[in-house]
Amino acid sequence: MPELPEVEVVRRGLARGVVGRTVDAVEATGARSIRRHADADEFGGAVVGRTVRRVDRRGKYLLLRLDDDSVLVAHLRMSGQLILTADATRPRARHTHVVLTFTDGGQLRFVDPRTFGELFVSATRSRDGAVVELASLGPEPLDRATTPAVLAARLTPRRTRLKSALLDQRTIAGIGNIYGDEIAFRAGLRHDHRTDSLTPAEVARLHAAMVEVLDAAVRCGGSSLADGQYVDVDGRAGTYQHEHAVFARAGEPCLRCGRTIERVRFAGRSTHFCPGCQH
DNA sequence: CGCATATCCTGACTGC
DNA sequence: TGCAGTCAGGATATGC
């Protein structure tokens with residue numbers, strides 16, 4: 001479900017909601033959600049008593065930096081949600097697998113029907129705050145340091161297709177199926193455009209499209225699709241789905257040229273594009 | 001190396 | 001209304 005924009009919106013909610021708060025108790029009833037840990041006690045032992053210092057994001061991962069320099073890492077995968085509630089007595093949603101209760105009585109709940117998501121504590125204390133488990137992630141799309149030249153250096157040496165490269169988190173971190181399609185459309189490039197044939201002008205368009213699409217999506221609070229899975233920490237849906245040019249618009253006219261948006265299976269994922277605007 | 005496929009799960013939706 | 005089949009925002013392992 002969530003890609004960079006959705007994860008960034010959740011990060012902002014957590015930054016407002018949990019920084020400075022101290023974990024009083026942890027209930028980890030879903031073993032799969034903490035699968036990198038031996039058991040619930042071991043996971044709880046790493047979190048209880050800790051105060052959240054700040055919340056960062058790396059690609060689609062959330063990093064809750066704790067006061068012992070460890071990091072509580074969260075990935076929502078397809079169906080995960082992190083929900084804040086001030087009232088611990090409020091009924092828990094079905095598939096609530098991990099609950100952190102703060103000393104003030106509020107809670108952070110991890111809800112995840114498909115159980116693909118996970119929470120783990122990384123003991124990493126590297127100087128720059130990097131999490132060793134996430135070392136293979138590519139650069140951040142919205143970092144100023146991620147210039148068109150950086151993007152070109154990561155794309156053009158590879159002999160693959162544009163969408164495969166965009167979905168590969170080692171190329172660039174945070175882009176998933178929705179934004180891969182939207183970025184390719186805005187750049188005027190087909191999903192199956194070969195990365196090794198991208199010209200500097202095409203990479204420049206791709207870079208601009210990437211920044212514009214992701215920025216706009218963050219400003220809209222992310223994309224919430226028909227199943228209503230994605231919501232922020234307060235349970236609110238995003239609105240960027242109304243701005244989608246191609247994703248989930250198969251059979252509808254392209255808003256730019258009027259041709260019919262197509263949907264194909266590519267790289268194992270549903271892929272949407274305009275046959276008139278993308279080459 | 002690149003690519004397709006299967007896998008981990010539950011739930012929503014489609015068509016009979 | 002019930003039920004089988006299909007599909008889903010991600011990441012990873014495997015085999016060609």
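In what follows, chains carry the letters A, B, and so on, assigned in the order in which the sequence lines appear, proteins first and then strands, with residues in each chain numbered from 1.
The P atoms of C/dT6 and B/dT5 are separated by 15 Å, rounded to the nearest whole Å.
Side-chain N/O atoms of A/S79 include none lying less than 4.0 angstrom from OP1 or OP2 on B/dC9. Taking 4.0 angstrom as the limit, A/Q229 places none of its side-chain polar atoms (N or O) nearer than this to OP1 or OP2 of C/dA8. Checking the phosphate oxygens (OP1, OP2) of B/dG11, a side-chain nitrogen or oxygen of A/H95 falls inside 4.0 Å. Contact between the side-chain N/O atoms of A/R77 and the OP1/OP2 oxygens of B/dT7 is not found at any separation under 4.0 Å.
Atom pair A/E118:CD and C/dA11:P shows a separation of 11 Å (rounding to whole Å applied). In this structure, A/K163 atom NZ and B/dG2 atom P are separated by 18 Å, rounded to whole Å. A/R114 places its CZ atom 13 Å from the P atom of C/dC7, with the value rounded to the nearest Å. Rounded to whole Å, the distance from CG on A/D192 to C1' on B/dA4 is 16 Å. Distance A/I172 CD1 to C/dA11 P: 14 Å, rounded to the nearest Å. We find that OH of A/Y230 is positioned 20 Å from P of B/dA12, with the value rounded to whole Å. Straight-line distance from the NE2 atom of A/H272 to the C1' atom of C/dA8: 11 Å, rounded to whole Å. Distance, A/D168 CG to B/dC1 P: 11 Å, rounded to whole Å.
For A/R159, whose side chain is taken as the heavy atoms from C-beta onward, the closest listed nucleotide among C/dG10, B/dG11, B/dG2 is B/dG2. When distances run from any side-chain atom of A/R161 to the nucleotides C/dG10, B/dC3, B/dC8, the shortest one goes to B/dC3. When each of B/dC3, B/dC9, C/dA8 is scored by its nearest atom to the side-chain atoms of A/T160, the top-ranked nucleotide is B/dC3. You'll find that the side chain of A/R269 is closest to C/dG10, out of B/dC8, B/dT10, C/dG10. Distances from the side chain of A/R263 to the nucleotides B/dG11, C/dC7, C/dA11 place C/dC7 closest. Distance from the side chain of A/H75 is smallest to C/dA11 among C/dA11, B/dC3, B/dC8. The side chain of A/M78 lies closest to C/dA8 when the candidates are C/dA11, C/dA8, B/dG2.
A side chain to side chain donor-acceptor pair (under 3.5 Å) with A/K163 is found for exactly one of A/D168, A/D192, A/D181, namely A/D181. A salt bridge (Lys or Arg N to Asp or Glu O under 4.0 Å) with A/E212 is found for one member of A/R205, A/R186, A/R219 and no other, namely A/R186.
Ring stacking holds between A/F116 and B/dC8, with the centres under 5.5 Å apart and the planes within 30 degrees of each other.
Formation of a donor-acceptor pair under 3.5 Å by the A/E133 side chain with backbone atoms of A/S122 is not found in this model. Side chain of A/E3 to main chain of A/G176: a donor-acceptor pair is present (N/O by atom type, distance under 3.5 Å, no hydrogens or angles). Of the possible donor and acceptor atoms, one in the side chain of A/R249 sits under 3.5 Å from a partner among the backbone N and O of A/A245.
For C/dT12, the paired base is B/dA6 (Watson-Crick or G-U wobble, both distances below 3.5 Å).
Using a 4.0 Å heavy-atom distance criterion, A/R265 is classed as a sugar-phosphate-only contact. If you check every strand for non-hydrogen atoms under 4.0 Å, A/R170 touches nothing.
The closest side-chain heavy-atom distance from A/D112 to A/H95 is not below 4.5 Å.
Nearer to the 5' terminus of DNA chain B, by closest-nucleotide assignment, is the contact made by A/R158 (compared with the other of A/R158 and A/R94).
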